[in-house]
Amino acid sequence: MGILSLSLFQAMLRMSMPVLFAALGGMFCERAGVVNIGLEGIMLNSAFFAVLATFLSGSPWIGFLSGVLSGVGLGVVIAILTVKYSGNQIVVGTGINVFGLGFSAFMCQKIWGSRGASGSVAGLPLLRVPYLEQVLGENTILIYVAFALIILSHLFLFHTPWGLRLRAVGENPQAADTAGVNVHRYKMVFVTLGSGITGLGGVFLSLAHLSFFAWGMTSGRGFMGLAAMIFGKWTPLGCFLASLLFGFTDALQMRVQALGILPSQIILLFPYVVTILVLSGFVGKALPPSDYKPYEKR
Amino acid sequence: MAFALQVRGLTKSFPGVLANDHIDLDVEEGEIHGILGENGAGKSVLMSVIYGLYRPDEGKILVRGQEVAIGSPSQAIRCGIGMVHQNLTLVPQLRVFENIILGQEPRRGIFLERQKARRRIEELLHQTGLSIDLNARVRDLPIGLQQRVEILKMLYRGASILIFDEPTTVLTPQEVDQLITYLLALKKQGKTIIFISHKLREVFALCDRVTVLRRGKKVGTCAIKEATPESLAEMMVGRRVLFELPRGRKPAEEVVFSVEGVSTLPEKGKALREVSFRVHRYEILGIAGVEGNGQTELAETIVGLRRVRQGKLVLNGEDITYLSVKERIKRGLAHIPEDRHRRGAILDFTVMENLMLGFEDEPPLRRGLLTLHFPTLQEFASSLIREFEIATPGGDTLVRTLSGGNQQKVVLARELSHPVSVLLACQPTRGLDVAATEYLHRKLLELKNQGKAVVLISADLDEIRALSDRVLVLYEGRIIGELSPESDEYQFGLLMGGKSLAS
C-alpha cells in the first residue's frame, strides 16, 4: 500500500514531537503576553546540553534533565530581559536564536573537535508499553510526556483559576492587575515554564530522534512550533493538531525522498512551504492574545 | 451623621504639577456624592489615590471613621471600595462571568467551579435588578453593557463604596439614562456612590451633594438642592459661564452646500438612504439622532471618505460628488472629525506639524520642489496658537500631551486656517470640559455670523438646540424629519426613536 501506512502514521507522530513541544512552550509564553521567537535557539541549546550532559555522565536521564534545565535557564534570561527590564521581545528572541547557534558550535568544536557534530552518546531507552506500542510505534518516554502535557495544559488553562488569570494577564494586563493578579509574577513564571517545555523538543531531537548533537539540527522546528501555535489558535489541542500537520509533511517528505520521484531539494521544502502558508494567514485569521507590550505599572 | 468615606488634607504632586492640594472630602453613608471639576482639576488623581493606584504625599483616608492605609487596589477592595474606571478594565476575549470572578474565583480543589460562580452572580443580578448574558464574550458587548460588567465586578467583590470615574463620557445618551437609573437603584440598596463628572445635567439628575475641585484645590461642597447650573459652573471655571450664547443673524437665502438624494452602500456601517438637505449662508444646520444611525457615514460621505452610490453633493454650485478629499478641502470644505484622536490629529506629532497637515505641500509652507520652509511654518503655527488661544508650551509640543480641549482647538485652527465656505463639525465638544465647550460653541457661532455655513452633527441634543437654526433628525440612515430648535424635547424623542410626526 506504499506510502500511506501505519508506519507513516508513526513517523508523523515522531516528527511532530519537537514542533509540538515548541508550540506548547511558545503558547505558554504568549498566553503570558510575551512573544518568544527564541524557541529555535532554546531548542538547539537544549539539544546540545542534553548530549553534553549524557557524554559527561554517561546517563541519558541526566542529559534529559540538563536539556530541560538549560531551556529553563534561557527562559529566565528572556523573562528578566523582557518582563523586568521591558526589553523588546523580538530583539531578545533573535539574540537567543543567534546565541544558540553560535554557542553550540563553539562548544562542540572545543569538546569534540568538530563544529559539525558531537560524538555519539547513549540515547533515551525505548519505553515498553504493551498494546499502545502497536499503534504508536516504539517510542521513548517523551511521547507520553507530550500527551500528558497536552491534557494538563488544557485543564490548567481552561479549568483552573490560575489558568483564567494567566489568560487575563496575556489579554489585558491592566485588567488583571486591577483584579489583584500579580502580573509580573505570572509573566516571569510562564515565560520560564514555556521555555523549559520548549527544551523538551531539543532533548527529543538529540536523545530520542538521534543520539548525537549536530550543528543546526533543529533546522527551523522552533519556528514551525511558532507557526503551529498560531495555527492552533493558542490552545493545547490546537497546537497538537497543527504539529501533526507539520509532522505529516516531514514524514511524507522522507517517504517521497525514498521513492526518488522528485529532486530531494524540492521535497525537503515541504514543511517550510507549509509553515509559510500557515503564517501568511492562508488558513484563516487567528487572533493572538492582544497585549505583547511590556507591562508597566503606572 | 455617619460618613462612609473621609479624606483629610490629601496632597499629591507629580513632577511640575500639584494635582491635589490639601483636599478634604466627606462622603455620607448612602448618598450619591458628585465630584465636579474641569479636565485637569484633579478629580481622577484624587480617586486614584483613594483606590490605591497612587500613593499620597500627605493626608489620610478614613473609611467609616477608621483611618486606613490603601497601598493597592486589592487593599481598597478589602476596605469595601470599588471603582469603575473611565477606560474599562475588562479582558475583552473572556466571557462576562470570567471577567467578574477574575482574581476571586470559587474553586473546588484546583478546579474552577463555574456553576457556583454563575449562581453567585445570578444572585447578585437578582438583588440589583441588573441583567446581562453571563456567557457572552465581553468584546461582543456594547460599551454600556461592558460598564455593567464592571459594576458587577465591584459588587461581586463586596464593595459598598462605589467610585465612578467619568462613566458617561463613553456612553450614548440612552445608555447614560440607563446608568442613572441603575445608580439610583444601587443607592436605594444602601450603597454609597461617588460620581465624577464635568457634566452638570448628570450631576443634577443624580447627586445629593457635590464637591467642586478647581486646579487641584477644593472649591467647596454643597447640597444639590441649593445649587444652580450657573453657580456650579462658576465654581468649576472660576468665572461666569454663559450657557445661552446669542445666536446672531438669521440664515440667508443663498445655498452654500447641498446633499441631493445621496445613498451609500452599507459597507462597514449603516447605509445612507436618499439623504437630502441644504445649508445656507449664516446658518448652522443641526443633525440630531441616536448614535449609530448614520451620522458617521454621513460625515464620511460629505468629506469624501465614503463612496456615493446615488445622488450628488454640491458645494457653491459645483458638483463635488466625485472629487477627492483634497479637492474638496481646496474648494472650501472644512471638517472637525468625531474621533479627534484617530482622524482629527496625529497625537505623536507636534502642534506645529498637526497645524500644517494637509497644507504642507503648497506654498507658502512649501518652498521649491520638495522642501518645507520652516520660518514660515513657525510663524504660521505661532499665529494660529495665539489666535485660537491654544494652551501649549510651544509649537513643538506633542499634541498627545495637551488637554482634550486644546487638542480640539488645534484641529479647529487647522481647519479654519484656509478659506472655508462650509464647516462640518462632528461631535465637536465630546469629552470637553465646560470652558472648552463654551469656546467651541462661540467659534461655531462666530463662523456662522461671518456668513459661513455649518453642519453640526452631535449626539448632545442640548448642544444642537442651543446652536442650530434648523434641526434634522437622522434615523436608520434616513432623514426622518425636520424640527425647529425650539420644538419640545418630546418631539425630538419621538423622531429620534424612529416615529414620524403625524403632520
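The chains referred to below are lettered A, B, ... by the order of the sequence lines, with proteins before strands, and numbering in each begins at 1.
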Engineer: Can you tell me how far the CD atom of Gln174(A) sits from the NE2 atom of His85(B), to the nearest 0.5 Å?
Structural biologist: 10.5 Å

Engineer: So how far is it from Ile110(B) CD1 to Trp162(A) CH2, rounded to the nearest 0.5 Å?
Structural biologist: 6.5 Å

Engineer: Looking only at non-hydrogen atoms, find the nearest pair between His159(A) and Arg114(B) and report the distance.
Structural biologist: ND1-NH2, 3.9 Å

Engineer: Test side-chain contact (heavy atoms from CB on, under 4.5 Å) on Thr89(B) and Thr178(A) and set out the steps.
Structural biologist: CA-CA 7 Å; Thr89(B) 52; Thr178(A) 34; 3.6 Å; yes

Engineer: Stepwise, does the side-chain contact (heavy atoms from CB on, under 4.5 Å) test hold for Leu102(B) with Leu164(A)?
Structural biologist: CA-CA 7 Å; Leu102(B) 180 65; Leu164(A) 176 67; 4.0 Å; yes

Engineer: List for me each residue that meets side-chain hydrogen bond (donor to acceptor under 3.5 Å, both in side chains) alongside Arg215(B), sequence neighbours excluded, and say none if there are none.
Structural biologist: none

Engineer: Around atom CD of Glu67(B), are there more than 12 heavy atoms from other residues, nucleotides or ligands closer than 6.0 Å?
Structural biologist: yes

Engineer: More than 12 non-hydrogen atoms from neighbouring residues, nucleotides or ligands closer than 6.0 Å to CG on Leu125(B), yes or no?
Structural biologist: yes

Engineer: Answer yes or no: are there more than 12 heavy-atom neighbours, outside Arg343(B) itself, under 6.0 Å from its atom CZ?
Structural biologist: no

Engineer: Quick check on the interface: out of Pro106(B), Gly103(B), Gly109(B), who has the most heavy-atom pairs with chain A under 4.5 Å?
Structural biologist: Gly103(B)

Engineer: Specify the closest pair of heavy atoms between Leu155(A) and Phe111(B), including all atoms of both residues, with the distance to one decimal.
Structural biologist: CB-CE2, 4.2 Å

Engineer: Passes side-chain contact (heavy atoms from CB on, under 4.5 Å), Arg167(A) versus Leu94(B)? Steps please.
Structural biologist: CA-CA 8 Å; Arg167(A) 285 187 285 147; Leu94(B) 296 184; 3.5 Å; yes

